[in-house]
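Everything on this sheet refers to the single structure shown next.
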Amino acid sequence: MVENAGPSRIAPYPIAVIMERVKLANRWATERWDAKGVVRDVMPAGSGERVIVSDEHLTQILFPGLTLRLHPDEAEGYIYNITSPQPKIFIMWRMRDEVARPESLSVSYHEGARWMDAEECVGGVALPPDLLPWIAEFAAEHYRPEPKKKVRYASSKDKGVASRRGGPT
């Protein structure tokens, strides 16, 4: 008899990211890049990026071949995300050859925040609803709440406490 090994750590389908470049009429910046969305990747393996929208002010590029992986130690971050009013996929991207290229995907609030703290370029886009049950099952299997710590109140006998009722002696 074979037991169910639980949910896979890899998303049930490959993901493609849509990055958008908007030209700006600004003396400090000529353009702005943002992650616009994610879609199911239906392109053949090994396909390169392709422009899907282009006009004089806006360009959208589809980047196929990305994989969303879940990690047991991020389960709490997944729960925070999927129980929020607007669950997201966080996309970390970097500029290469004057194009914003997605590098990593995450559905953990904690990981997205760490990327931002590290001053990476990060965008959050709507999570496809069909990924919610997969993430929820994985998070439920791996989430272990932190054990409650005993509350310890400070006393005047603790080292480093300078105040005493009678003042210094």
**Study point:** Side-chain donor or acceptor of Ser47 paired with backbone N/O of Met43 under 3.5 Å
**Key:** no

**Study point:** Side-chain heavy atoms of Lys88 within contact of Gln86, under 4.5 Å
**Key:** yes

**Study point:** Non-hydrogen side-chain atoms of Pro102 and Met19 separated by less than 4.5 Å
**Key:** yes

Review point. Is there side-chain contact between Ser104 and Phe90, with at least one heavy-atom pair below 4.5 Å?
Key: no

Check your understanding: If you take all heavy atoms of Pro87 and Asn81, which pair is closest and at what distance?
Key -> CA-OD1, 3.3 Å

Contacts table for residues 58-72: side-chain donor-acceptor under 3.5 angstrom, sequence neighbours left out:
from	atom 1	to	atom 2	distance (Å)
Thr59	OG1	Arg21	NH2	3.0
Gln60	NE2	Glu20	OE2	2.7

Point to revise | Residues which pass side-chain contact (heavy atoms from CB on, under 4.5 Å) with Ser108, listed by chain and number, not counting sequence neighbours | key: Glu74, Tyr78, Ser106, His110, Glu111

Revision key, fill the gap. Sorted by chain and number, sequence neighbours left out, side-chain contact (heavy atoms from CB on, under 4.5 Å) with Arg96 holds for Arg101, Glu103

Review point. Does a side-chain heavy-atom distance below 4.5 Å link Ile15 with Leu105?
Key: yes

Check your understanding: Are Tyr13 and Leu131 side-chain neighbours, meaning at least one heavy-atom pair lies under 4.5 Å?
Key -> yes

Practice item. Start with the C-alpha distance between Arg94 and Glu120, add both sets of side-chain angles, then the distance that settles side chain to side chain contact (heavy atoms under 4.5 Å, CB included), and finish with yes or no. Key: CA-CA 8 Å; Arg94 293 189 175 133; Glu120 294 287 358; 2.7 Å; yes

Review point. Same hydrophobic cluster for Ile89 and Ile10, using side-chain heavy-atom links shorter than 4.5 Å among ILVMFWY?
Key: no

Practice item. Indicate if Val17 and Val51 have the same hydrophobic cluster label, given that clusters are the connected sets of ILVMFWY residues with side-chain heavy-atom separations under 4.5 angstrom. Key: yes

Check your understanding: Hey, are the side chains of Ser8 and Phe138 touching, using non-hydrogen atoms and a 4.5 Å cut-off?
Key -> no

Check your understanding: Just wondering, do Lys149 and Val151 contact through their side chains at under 4.5 Å, heavy atoms?
Key -> no

Point to revise | Test item: Leu127 and Val107 side chains (from C-beta on) under 4.5 Å apart, heavy atoms | key: yes

Point to revise | Closest contact, heavy atoms only, Ala16 versus Asp41 | key: N-CB, 3.8 Å

Point to revise | Same apolar cluster: Val53 and Val99, side chain cutoff 4.5 Å | key: no

Review point. Can you get from Ile52 to Trp33 by hopping between Ile, Leu, Val, Met, Phe, Trp and Tyr side chains that sit under 4.5 Å apart?
Key: no

Review point. Which atom pair, heavy atoms only, marks the closest approach of Trp93 to Gly123?
Key: NE1-N, 4.1 Å

Check your understanding: For the residue pair Leu24 and Ala29, what are the closest heavy atoms and their distance?
Key -> CB-O, 3.7 Å

Check your understanding: If you group Ile, Leu, Val, Met, Phe, Trp and Tyr by side-chain heavy-atom gaps below 4.5 Å, do Val38 and Met92 land in one group?
Key -> no

Practice item. State whether Lys36 and Asp34 are salt-bridged, where the test is any N-O pair (Lys NZ or Arg NE/NH1/NH2 against Asp/Glu carboxylate O) under 4.0 Å. Key: no

Review point. Between Ala35 and Ile91, which heavy-atom pair has the shortest distance, and what is it?
Key: CB-CD1, 3.7 Å

